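This report refers to the structure that appears directly beneath it.
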2 protein chains.
Amino acid sequence: MEDKSYMDHAYKQAHAAGLRGEVPVGAVLVDASSGAIISAAGNRVEETGDPTGHAEMILIQEGARKFGRPRLTACDLYVTLEPCPMCAAAISFARIRRLYFGAYDPKSGGVDHGPRVFQQSTCHHKPEVVGGLDETRCSELLQSFFRELR
Amino acid sequence: MEDKSYMDHAYKQAHAAGLRGEVPVGAVLVDASSGAIISAAGNRVEETGDPTGHAEMILIQEGARKFGRPRLTACDLYVTLEPCPMCAAAISFARIRRLYFGAYDPKSGGVDHGPRVFQQSTCHHKPEVVGGLDETRCSELLQSFFRELR
């Protein structure tokens, strides 16, 4: 599978999350050596009432459970929106190899905006980061969700 | 109960976590109106193999479950160590009213160090912060844990 195909899979998770009334963000966790998708999830904040229920957190927790260890060094993570500081720090703790994200998030992002978590000396593992993959579509999905909310 | 008593409770959680082989960090979540302790926890990263298993995350997830909603606006959180960026952002998302922490964490902290999550324009709720409460004892517990590891 190619990067765009993984992001397409993440996009479908985002779309499904939006239909459930969640902010439409979706993600997939990929075993970088085999190319297999380990887990896929959309946001679940509204469904579970858990403010930490972002797609990336769900994947990291599921991935750790599946591998039986907290470090997911051979994994890549694809997510439709630039991670917030909570998810960026969790990605660092999980030792994710490479992070691909779709839309940039100037308002609440923590990778290329605000606290820029990976660029701090207090960050002890910085994944490779590819931002803006399939950006237009990921961004439009979020914009249309918030437009309908108003 | 006074602030020091809550931190004492958090300290006991930290101490118990250390005995389980976890980095000795403990926390309590308090209902600010009644003064009741809602939840108490120590780190559970090693036990669960979950890199996001910090004491603060466990409390926020438990608190949201107990109250049935993601916003814990009437709650204060006491933790023995300055929160990392992941926990700081989760504290912000949960709308925690006031954060008390014990030891400062220049190496990995995210409140007074590194990304200073609450000071960013991308942070949409900043709790009141009281740092250094019972600092010496909280700090010594961590130092002695890491000394024994070496």
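Proteins come first, then strands; the chains are lettered A, B, ... in the order of their sequence lines, and each starts at number 1. Bear in mind that the values here come from a model prediction, so they are computed numbers and not experimental data.
Listed by sequence position, A:Cys84, A:Pro85, A:Met86, A:Ala89, A:Ala90 are the residues of residues 83-91 of chain A in contact with chain B, using a 4.5 angstrom heavy-atom cutoff.
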Could you list each N or O donor-acceptor pair linking chain B to chain A at a distance under 3.5 Å?
from     : atom 1 : to       : atom 2 : distance (Å)
B:Thr52  : OG1    : A:Gln61  : NE2    : 3.0
B:Gln61  : NE2    : A:Thr52  : OG1    : 3.0
B:Lys107 : O      : A:His124 : NE2    : 3.1
B:Ser108 : OG     : A:His124 : NE2    : 3.0
B:His124 : NE2    : A:Lys107 : O      : 3.1
B:His124 : NE2    : A:Ser108 : OG     : 3.0

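B:Met7 is not connected to B:Val23 by any chain of hydrophobic side-chain contacts under 4.5 Å among Ile, Leu, Val, Met, Phe, Trp and Tyr, and they are in different clusters. Hydrophobic clustering, with ILVMFWY side chains joined whenever heavy atoms are under 4.5 angstrom apart, keeps B:Leu81 apart from B:Ile58. Hydrophobic clustering, with ILVMFWY side chains joined whenever heavy atoms are under 4.5 angstrom apart, keeps B:Leu99 apart from B:Phe93. Tracing side-chain contacts under 4.5 Å through hydrophobic residues (I, L, V, M, F, W, Y), one never reaches B:Met57 starting from B:Leu59; they form parts of separate clusters. No single ILVMFWY cluster, assembled from side-chain heavy atoms under 4.5 Å apart, contains both A:Val30 and A:Leu77.
In terms of heavy-atom pairs under 4.5 angstrom with chain A, the leader among B:Cys123, B:Gly114, B:Ala64 is B:Gly114.
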